[in-house]
*Asks:* 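Can you keep this structure in mind? I'll have questions shortly.
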Amino acid sequence: MTNLELSWALEEMGDLLEIKGEEPFKVRAYHRAARALETLEEEAAKLYARGELEKIPGVGKNLAKKIAELLETGRSTFLEKLREEVPPGLRDMLSIPGLGAKSIRTIYQHLKITTLEELEQAARERKIRTLPGLGSKTELAILRGIDMLKESRDKVPLGVARPLAELFCRQLRSLPGVDRVEVAGSVRRGCPMVGDVDILVGISSGGDEALLEVIEHHPQVKEVIEKEENHLSLRTWTGVKLEIFVVTSEKFAAGWWYLTGSAAHREELRAYAREAGFSLDEAGLPSSLEEAPVDLSSEEELYSRLSLPFIAPELREGKGEVKAAQEGRLPRLVTLEDIKGDLHCHTRYSDGLHTIREMVEAARARGYKYLAITEHSRSLAVARGLTPEELQAQKEEIARLNEELSDFTVLAGVEVDILPDGRLDYEDEILAQMDLVIASIHSGFRQDEEQMMARLEAALRHPYVDILGHPTGRMLGRRPAYAVNLEKLLELAAETGTILEINASPDRLDLDEVAARRAKEYGIPLAINTDAHDAGRLEDMEYGLAVARRAWLEPEDIINTWELDRLLKRLKRNRHLKF
DNA sequence: GCCGTTTTCGGCCCGACTGTTTTCAGTCG
């Protein structure tokens, strides 16, 4: 049994114990051990063979025994007993924001509901509000939560799908007879949530079954869903559906275009081609992977045969990109090479993992010219928000570091909380001394639109707030956006000159592409920030870029593509200064 | 449940917000 499977088993035990009403610290012990197993470098089976299971942090005598049983028999009597006591369907309900173990127990005891479907029906029939301790707000939260879960059902975040796709591509490339391997589909288009991962393999001679067999037995593969001569459909242990297609190399270019999609883009392009008098065969537009023509050298050629410039995969959504290409209005999309710095990250001062120096070194290694350190403010106690004194100390450390560095600038920033009443979590005098201020909402998510907008408006009108962080507060598949009126927010940002963030963390991607494109129409500058809590996560910039590119944004629209002095001049706080 | 002793028991992150009820329990970050 793999570490991941062990981790899932412990996770499920923890969840079921929680619903059962076990004491929170016991529940946490299971969850902590599950996380430890998930991130464990070595296979637990090897540790077990050496009698060293208890060396795993968070694993003691009891859990070691349960893990040992799982490793030996592939089953757990404890888990099976728990499943008998607690209907496993209740677990899904834990993912509904605002609904916890106690409420789930109440619902189960009174209504005998065990699945999300039954729960949704009960909520629609207004039965939840009749239960003790539950009311109409909880009922609404349930309906909203189930809606959100439905949207992300059978989908994984790009942050999971893309690394997995790249892993399989690397391994496929190393196989004999393979000329070329590329990611296609929604991963290539940079979609924030992905249903399946499409990979195209180009081989020198037809139908190599041995090739697909190797992949079938890859350790990441849990099951084979479907197997044909030139197509393999798999599910990985992490629940991702993988579609691998094999074509001969001369069909690769057309096949790659076809498989990248989207269906809407293919249709838009076909319609254009028909109208412009091209025959589709001549143009090389396949209507299936099998029909991919053999005489196409690249996607660029496909577009140029239609007298069009290359259309980047992120734009291929059938949202006017073909017409724009025809009229020469395609954007010059922002790329990683354009990015000169990151304006939102955390260090050990608050809830980050690394020191300022370590973060700065990582940013320099990426070729950046500047990095803003932006810790949490006092009220966010769980994230060890900084006191004014700690903030001052950090500012001094940053100043010392800047003296050392000749080719790089560290900005002393802060991510200040917008409190539920609209005030900011630091005094103005403190904010005035910072190089850069991000304001974000981390509490009071359930306020109604009026309260929320009043709060956001107060922050945007604040003279020292430069950037609004993760503007809608959504967490992909986990938490819906708070009650924000987007149009009003954009109007306010435009009016007050406040920069809006595209938070690049793959858990957030907030603003999303629709809002970001609207922001551009308003002339609002955007910042793509990773919000990195460790040095490695600075790499999340690529996910923010995917959003920006899908939003048709150009380097000019993104302030962290600008040189530092230009960026600083643009900040609200500096507009009165002369440089 | 685990862990580290103050070594076999007590602390473990804990305060704030929300909804429900009417003084507090449940949930969350």
Side-chain angles (χ1 to χ4, degrees), chain A residues 6-7 9-37 53-69 76 78-79 82 93-109 123 128-145 346 350-352 375-385 387 415 417-423 425 440-448 451-452 455 469-470 473-475 478-480 482-483 505 507-508 531 533:
Chain A
L6 291 169
S7 164
L10 292 177
E11 191 74 31
E12 186 179 352
M13 290 179 203
D15 285 350
L16 295 180
L17 286 168
E18 185 177 1
I19 296 169
K20 222 182 122 184
E22 272 291 356
E23 55 164 314
F25 289 114
K26 189 174 179 174
V27 172
R28 193 175 300 163
Y30 279 85
H31 287 144
R32 201 172 44 217
R35 272 197 303 281
L37 274 161
L53 278 180
E54 287 183 50
K55 286 198 174 171
I56 303 169
V59 174
K61 227 178 170 172
N62 204 306
L63 287 180
K65 244 163 100 181
K66 294 190 168 82
I67 294 169
E69 189 194 352
S76 164
F78 179 69
L79 182 54
L82 274 176
M93 300 180 193
L94 281 175
S95 338
I96 297 173
L99 202 63
K102 279 271 173 66
S103 306
I104 293 171
R105 234 178 15 256
T106 305
I107 292 168
Y108 173 59
Q109 279 162 359
I128 302 298
R129 61 180 70 190
T130 65
L131 303 178
L134 301 174
S136 58
K137 292 264 177 112
T138 308
E139 202 168 72
L140 208 66
I142 288 173
L143 288 172
R144 268 218 290 265
H346 299 269
S350 66
D351 58 346
E375 307 296 9
H376 290 294
S377 57
R378 211 168 5 182
S379 285
L380 206 62
V382 278
R384 295 198 301 276
T387 63
E415 181 182 15
D417 258 58
I418 305 169
L419 299 171
D421 61 3
R423 285 181 305 120
D425 199 21
S440 304
I441 285 181
H442 293 111
S443 62
F445 295 111
R446 293 219 237 171
Q447 287 182 338
D448 63 31
Q451 289 173 301
M452 198 53 96
R455 199 173 165 188
H470 39 75
R474 75 160 178 180
M475 300 285 266
R478 271 195 289 158
R479 191 175 72 201
Y482 38 66
S505 163
D507 297 327
R508 293 186 180 273
D531 197 355
H533 284 66

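Each chain gets a letter, A, B and so on, in the order the sequences are listed, and its residues count up from 1.
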*Asks:* Expressed in whole Å, how much space separates the C1' atoms belonging to B/dT8 and B/dG1?
*Replies:* 16 Å

*Asks:* When the C1' atoms of B/dT7 and B/dC14 are compared, how many Å lie between them, rounded to an integer?
*Replies:*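 Each nucleotide's C1' atom is 27 Å from the other's.
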
*Asks:* For B/dC12 and B/dG19, measure between their P atoms and round to the nearest Å.
*Replies:* 30 Å

*Asks:* Round to a whole Å and report the spacing from CD1 of A/Ile56 to P of B/dC3.
*Replies:*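 So the CD1-P distance, A/Ile56 to B/dC3, works out to 10 Å.
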
*Asks:* I want to verify a distance call: between B/dG1, B/dG26, B/dG29, whose nearest atom is closest to the A/Ala29 side chain?
*Replies:*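 Nearest to the side-chain atoms of A/Ala29, counting from C-beta on, is B/dG1.
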
*Asks:* Send over the distance from A/Lys55 NZ to B/dC2 P, rounded to a whole Å.
*Replies:* 17 Å

*Asks:* Which nucleotide in the set B/dG1, B/dC14, B/dG29 lies at the smallest distance from any side-chain heavy atom of A/Arg28?
*Replies:* B/dC14

*Asks:* In terms of side-chain heavy atoms of A/Tyr30, which of B/dG19, B/dG1, B/dT27 is nearest?
*Replies:* B/dG1

*Asks:* Kindly point out which of B/dG1, B/dG29, B/dG26 is positioned nearest to the side chain of A/Phe78?
*Replies:* B/dG1

*Asks:* In whole angstrom, give me the gap between the C1' atoms of B/dT22 and B/dC28.
*Replies:* 24 Å

*Asks:* Out of B/dC17, B/dC14, B/dT27, which nucleotide sits closest to the side chain of A/Pro420?
*Replies:*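 Looking only at side-chain atoms, A/Pro420 lies closest to B/dC17.
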
*Asks:* If I pick the C1' atom on B/dC2 and the same atom on B/dC13, what distance separates them, to the nearest angstrom?
*Replies:* 16 Å

*Asks:* Does B/dT20 have its OP1 or OP2 closer than 4.0 Å to a side-chain nitrogen or oxygen of A/Arg129?
*Replies:* no

*Asks:* What is the distance, rounded to the nearest whole Å, between atom OH of A/Tyr482 and atom P of B/dT18?
*Replies:* 14 Å

*Asks:* Please report the distance separating the C1' of B/dT27 from the corresponding atom of B/dT20, rounded so that it comes out in whole Å.
*Replies:* 13 Å

*Asks:* Report the distance from atom CZ of A/Arg479 to atom C1' of B/dT27, rounded to the nearest whole Å.
*Replies:*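 It works out to 13 Å between those atoms.
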
*Asks:* Rounded to whole angstrom units, what separation is found between the CD atom of A/Gln447 and the C1' atom of B/dG19?
*Replies:*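 In whole Å, B/dG19 C1' and A/Gln447 CD are 14 Å from each other.
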
*Asks:* Is any side-chain nitrogen or oxygen of A/Ser103 closer than 4.0 Å to OP1 or OP2 of B/dT27?
*Replies:*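 Checking B/dT27 against A/Ser103, a side-chain N or O does come within under 4.0 Å of OP1 or OP2.
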
*Asks:* Determine the Euclidean distance between corresponding C1' atoms of B/dC9 and B/dA16; express it in Å to zero decimal places.
*Replies:* 31 Å

*Asks:* Under 4.0 Å from OP1 or OP2 of B/dG1: is there any side-chain N or O of A/Lys66 that close?
*Replies:* yes

*Asks:* Starting from P on B/dG26, measure out to CG on A/Leu131 and report it in whole angstrom.
*Replies:*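 Nearest whole value for this atom pair: 14 Å.
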
*Asks:* Verify the contact: side-chain N or O of A/Thr138 to OP1 or OP2 of B/dT20, cut-off strictly under 4.0 Å; return yes or no.
*Replies:*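 Indeed, a polar side-chain atom of A/Thr138 lies that close.
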
*Asks:* Rounded to whole Å, how long is the line connecting atom CG of A/Leu17 with atom C1' of B/dG1?
*Replies:*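 To the nearest whole Å, that distance equals 9 Å.
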
